[in-house]
Trainee: 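Here you go, one structure.
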Amino acid sequence: MNYRVKVDRKIAQVDGAAWDALCEQRPFATVYWLRLLEEIIADYEPRYLQLWQEGQLVAGAVCLPQRHFHLSVYLKNKLLQKMAGQVLTWLPPNAALLPLFLRDGLLLHPGVATAVWLPRLLTEIESAARWAPFTYLGNLTPAHGAGAAQQAFSVVPILQDTYLDIAWDNFDDYLSHLNSKRRYRVKSYLSQAEEAGVTVQEVSLNSPMTPQIEALIRGVADKHDNAFIYRPDFLQRTQAYLRPDSLHTLVACERGEPIACITLFCSGGEMVAKWSGLNYGRTHETYGYHAMMIHIVQKAIALGIRRLDFGPTAYTLKRQLGARFEDRVAGLKLGIRPLNSLFQRVAAGKNEEDS
């Protein structure tokens with residue numbers, strides 16, 4: 001099969017119309033959002049891999065040398081986290097993923113056969129960065145994970161993602177949809193937060209609260225010993241770049257003082273909740289985080305969003321809000337073939353033990 005491979009280092013160099021056609025079913029992978037990532041992420045070196053056939057862009061990938069992982073989720077030992085973080089900084093993998101949005105970086109045109117083009121795309125991802133010690137495919141669906149396994153990738157489970165499909169015209173209808181136990185919980189959280197003096201409001205990322213918002217976001221990264229990957233003025237850059245209908249920031253205040261925040265990105269009928277910031281002690285005592293999460297649902301309903309992505313972690317609360325859970329896997333492949341074969345056997349044994 002004849003096709004042409006092209007690699008660009010800036011999204012402005014890519015044929016925007018062709019790339020966006022590739023992302024017909026992937027709203028946060030379009031040119032508009034990839035430009036945002038270039039604006040706000042420090043030490044960001046993306047490569048936009050493209051497979052062209054007869055003038056059509058049939059497959060693509062967002063690849064980068066990934067130097068930072070949220071290791072606290074997988075390694076509880078602080079020393080191991082630090083050691084693994086240093087190794088990844090020195091020997092970054094060739095990763096295919098979308099930072100910030102926690103989505104995989106593999107793109108196939110809706111009109112082509114996955115079974116035909118996914119293997120070729122994975123082969124070209126490896127070929128485009130032979131310098132890397134291993135290739136990492138992040139946040140894959142199980143279906144794409146199965147395709148990666150056929151290409152000698154070790155496929156391992158990672159944290160589940162959580163979604164809420166919005167099918168209600170107003171918040172009262174949403175509450176009626178919940179079972180009695182969950183409905184009681186939601187109302188109780190709101191009541192307890194109100195009694196503690198918590199209010200939730202929408203603010204600009206370029207407001208007097210911005211320094212406090214950034215401090216809350218950084219506080220979450222610091223608590224989990226995760227590297228902070230954004231530029232110093234990432235909030236102001238985001239506010240300046242995105243259209244008003246693409247961006248909403250909620251802040252929970254206890255008697256006027258910010259104690260929690262979340263940023264909501266909207267595209268193509270989908271909303272993703274990112275950049276959570278918490279004062280852990282005060283949100284726990286006041287139910288400020290719970291109130292903010294419930295307000296996210298209210299905001300999504302008010303905006304007519306079809307699908308709300310809560311992201312991983314805090315599963316108990318998200319289950320109470322009616323979220324559904326979706327499995328995610330990662331694909332790993334070492335650059336040295338004999339070592340990769342050994343790693344596959346070890347990973348396969350581990351997966352069998354976990355199941």
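Numbers for residues simply follow the sequence, beginning at 1.
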Trainee: Within the 4.5 Å heavy-atom criterion, are Leu100 and Trp275 side-chain neighbours or not?
Mentor: yes

Trainee: Determine whether a donor-acceptor pair (N or O, by modelled atom type, separation under 3.5 Å) exists between the side chain of Thr286 and the backbone of Arg282.
Mentor: yes

Trainee: Which atoms form the tightest heavy-atom contact between Leu107 and Cys23, and what is the distance?
Mentor: CD1-SG, 3.9 Å

Trainee: Is there a path of hydrophobic side-chain contacts, each under 4.5 Å between heavy atoms, that joins Phe228 and Ile41?
Mentor: yes

Trainee: Looking at Ala330 and Tyr136, what are the two nearest heavy atoms and their distance?
Mentor: CB-CE1, 3.7 Å

Trainee: Among Val62, Leu137, Leu64, find the residue that satisfies the side-chain contact (heavy atoms from CB on, under 4.5 Å) test when tested with Leu97.
Mentor: Leu64

Trainee: Taking only Lys NZ, Arg NE, NH1 and NH2, and the carboxylate oxygens of Asp or Glu, determine whether Arg103 and Asp161 approach each other closer than 4.0 Å.
Mentor: no

Trainee: Please check if the side chain of Lys318 supplies one atom and the backbone of Thr162 the other of a donor-acceptor pair under 3.5 Å.
Mentor: no

Trainee: Take atom CG of Asp43 as the centre, draw a 6.0 Å sphere, and report whether it contains more than 12 heavy atoms from other residues, nucleotides or ligands.
Mentor: yes

Trainee: Can you name the closest pair of heavy atoms from Ser276 and Val220 and give their distance?
Mentor: O-CG2, 3.5 Å

Trainee: Taking the side chain as C-beta and beyond, is there a heavy-atom pair between Trp33 and Ser246 under 4.5 Å?
Mentor: yes

Trainee: Could you tell me which non-hydrogen atom of Val200 sits nearest to which non-hydrogen atom of Ala252, and how far apart they are?
Mentor: CG2-CB, 4.1 Å

Trainee: Would you mind reporting whether Pro157 and Asp327 have side-chain heavy atoms less than 4.5 Å apart?
Mentor: no

Trainee: Would you find more than 12 non-hydrogen atoms of other residues, nucleotides or ligands less than 6.0 Å from Tyr48 atom OH?
Mentor: yes

Trainee: Give the cluster check for Leu235 versus Tyr241: same hydrophobic cluster or not, with ILVMFWY residues linked at side-chain heavy-atom distances below 4.5 Å.
Mentor: yes

Trainee: Drop me the distance from Met209's CE to Cys261's SG, to the nearest 0.5 angstrom.
Mentor: 10.5 Å

Trainee: Is the backbone of Gly111 close enough, under 3.5 Å, to the side chain of His109 for a donor and an acceptor to pair up by distance?
Mentor: yes

Trainee: Count I, L, V, M, F, W, Y as connected when their side-chain heavy atoms are under 4.5 Å apart, and connections chain through other members. Are Val198 and Val251 then in the same cluster?
Mentor: no

Trainee: Please answer whether the main-chain N or O of Gly268 pairs with a side-chain N or O of Arg306 as donor and acceptor at a distance below 3.5 Å.
Mentor: yes

Trainee: Could you state the interatomic distance from CG (Leu106) to CG (Leu121), rounded to the nearest 0.5 Å?
Mentor: 5.5 Å

Trainee: Checking the side chain of Lys333 only, and the main-chain atoms of Gln151 only, is there a donor and an acceptor separated by less than 3.5 Å?
Mentor: yes

Trainee: Salt bridge or not for Arg324 and Glu326, using N-O below 4.0 Å?
Mentor: yes

Trainee: Shortest non-hydrogen contact from Trp19 to Ala29?
Mentor: NE1-O, 2.9 Å

Trainee: Taking the side chain as every heavy atom from C-beta outward, state whether Glu126 and Asn94 have any pair of such atoms under 4.5 Å apart.
Mentor: no

Trainee: Going by an N to O cut-off under 4.0 Å, is there a salt bridge joining Arg255 and Glu257?
Mentor: no

Trainee: Does some side-chain heavy atom of Leu118 sit less than 4.5 Å from a side-chain heavy atom of His144?
Mentor: yes

Trainee: Restricting to non-hydrogen atoms, name the atom on Gln66 and the atom on Ala95 that form the minimum distance, rounded to 0.1 Å.
Mentor: OE1-CB, 3.4 Å

Trainee: Side chains of Ile262 and His295: does their closest heavy-atom pair fall under 4.5 Å?
Mentor: no

Trainee: Under the 3.5 angstrom rule, does the side chain of Arg237 hit a backbone N or O of Glu39 as a donor-acceptor pair?
Mentor: yes

Trainee: Would you call Cys266 and Leu303 a side-chain contact if the rule is heavy atoms closer than 4.5 Å?
Mentor: yes

Trainee: Do Val272 and Leu250 belong to the same hydrophobic cluster, where Ile, Leu, Val, Met, Phe, Trp and Tyr are linked whenever their side-chain heavy atoms lie under 4.5 Å apart, directly or via other members?
Mentor: no

Trainee: Which distance, rounded to the nearest 0.5 Å, do you find between the CD of Gln320 and the CZ of Arg183?
Mentor: 14.0 Å

Trainee: Distance alone, cut at 3.5 Å: any donor-acceptor contact between the side chains of Tyr315 and Gln160?
Mentor: no

Trainee: Which residue is it: Tyr32, Phe28, Phe101? I am looking for the one with a ring pair (Phe, Tyr, Trp, His ring centres under 6.0 Å) to Phe265.
Mentor: Phe101

